[in-house]
Amino acid sequence: MMDIILNATPMSLILSVVVPVVAGGAIYRLLFHPLARFPGPKLAAVTTLYEGFYDIVYQGKYIWQIEKMHKKHGKLSRSKTYGQKDIPFQRPISSRCHECSG
Amino acid sequence: MRHPHFIGPIVRIGPNELHIIDASFYNTLYNQSNRFDKYDYFYSMLGNPEATFPTISADVHRLRRQSLTPFFTVKAVQNFHSRLQRLSDRLVERMLECKAAGKPVPLFLAYRCLTADLISEYIFGRQLGLINREDFGKGFYESWRSLWDISPVIRQLPWMMKVLLGLPRWVTAMVSPKALEVIDMQAQIDKWTLEAVSNVDKVKDSNQTGTILAGLATSDVLPPEEKTLHRLSIDANSILAAGFETTGAVLTHMTYLVLADPERRRKLINELHNAIGDPADIPTWQTLEKLPYLTAVIKEALR
């Protein structure tokens, strides 16, 4: 086992360790994370660098991007009203296709 | 996953972050009975988890918050009134100087001089002295602002703060002059914190209103590990920032809105004329806070 690690070239290390870890993390965040069922850009779900990009390059303008995200991903719900105690997390929604047709 | 998909006023804006675009949800999330921890990723931006504001754990935050409460009661503010009045007078002097010289008053900075000097007097027992500076503290403000400029980078790479603090000064100066200014400011605050804390006994003898730092150092609420010089200094820096930028911004907006609206300006000035007989003798704020129009103006600016 030690041999394999010691003889590994940098490239094979990257391929065998870094790539699976990053890919595994991305798959977890997209499919198995507790927030996986909420809509939003896939890239934002995978990495905080999405937010970082808007805040660093565009100097704190992520809030405007968030507004666009709501327009894109939350159309149907605009007409629904939520009571103060009705925590929206609990609302069952059948399929994301509603969103596409809205 | 019982509900495989969700459509609503909620989008996922980060791996662990949701955004809810529904104003009524505000009161559900932010209320006294919720004891949520803060989101460490978000608050990592300033690299100061030991300050009260960005404390992650709800329980620790409650303790630190409690240690600060005595300084912001009505009575504490009353005790502070004369010092506030002196600083306001000084600001008016500076404005008149500008008028005499035919120069505009940079209100954005001028108000921040007032609030920064005031809060530093309260924290350390000494003023930053911005109000006397020719540039109305422009240099100070810019270096303080630079912390905000680098904060989104720190948020992505929280270890950067430790690296910046650990690097030799000349390296930091090369990499980021702004970061150097921030580090120098923290060093200055470390020094003042030490002074304020070592003056605790003197202050007690002289029967003055204590500084926030002296109060924290002798607080019954905080356990010893919360009273280290390091933590007190970080909290001092945080309170300084929180105390001057917020109030300074409100004053700036308020003045603009009043000046931009002749009718409201006239109403406000009339009310103040009636309430204040002699400009050299400004009533206490207990009197002033009973003025309806002034109160409305302040509330509107806060909103």
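Note on naming: letters A, B, ... go to the chains in the order of the sequence lines (proteins, then strands), and numbering restarts at 1 for each one.
No more than 12 heavy atoms of other residues, nucleotides or ligands sit less than 6.0 Å from atom NZ of B/Lys138. More than 12 heavy atoms of other residues, nucleotides or ligands shown are found within 6.0 angstrom of CZ on B/Arg133. Atom CD of A/Gln59 has 12 or fewer heavy atoms from other residues, nucleotides or ligands within 6.0 Å. Counting heavy-atom neighbours within 6.0 Å of B/Tyr26 OH, excluding the residue itself, gives a total of 12 or less. Annotation: B/His253, atom NE2; neighbour count of heavy atoms from other residues, nucleotides and ligands within 6.0 Å does not exceed 12.
In terms of heavy-atom pairs under 4.5 angstrom with chain B, the leader among A/Gly60, A/Pro41, A/Ala44, A/Pro34 is A/Ala44. Among B/Arg155, B/Arg12, B/Glu17, the residue with the largest count of heavy-atom pairs under 4.5 Å with chain A is B/Arg12.
With sequence neighbours excluded, the residues forming a side chain to side chain contact (heavy atoms under 4.5 Å, CB included) with B/Asp184 are B/Arg169, B/Leu180, listed by chain and number.
Here the CD1-CE distance, from B/Ile21 to A/Met69, works out to 11.0 Å after rounding to the nearest 0.5 Å. A distance of 8.5 Å separates OG1 in A/Thr48 from CG in B/Leu157, rounded to the nearest 0.5 Å. Distance CG/B/Asn16 to CZ/A/Arg29: 6.0 Å, rounded to 0.5 Å.
For B/Tyr41, the part lying under 4.5 angstrom from a heavy atom of chain A is the side chain only.
When all heavy atoms are compared, the tightest approach of A/Glu51 to B/Ile13 is OE1-O, 4.3 Å. Counting all heavy atoms, side chain and backbone alike, A/Ile56 lies closest to B/Gln156 at CD1-CG, 4.0 Å. Looking at every heavy atom in both residues, A/Asp55 comes nearest to B/Pro152 through O-CG, 3.7 Å.
Note on residues 43-63 of chain B: pairs passing salt bridge (Lys or Arg N to Asp or Glu O under 4.0 Å), not counting sequence neighbours, are B/Asp59-B/Arg62.
Side-chain contact between A/Ile63 and B/His19 is absent, with no heavy atoms from C-beta onward closer than 4.5 Å.
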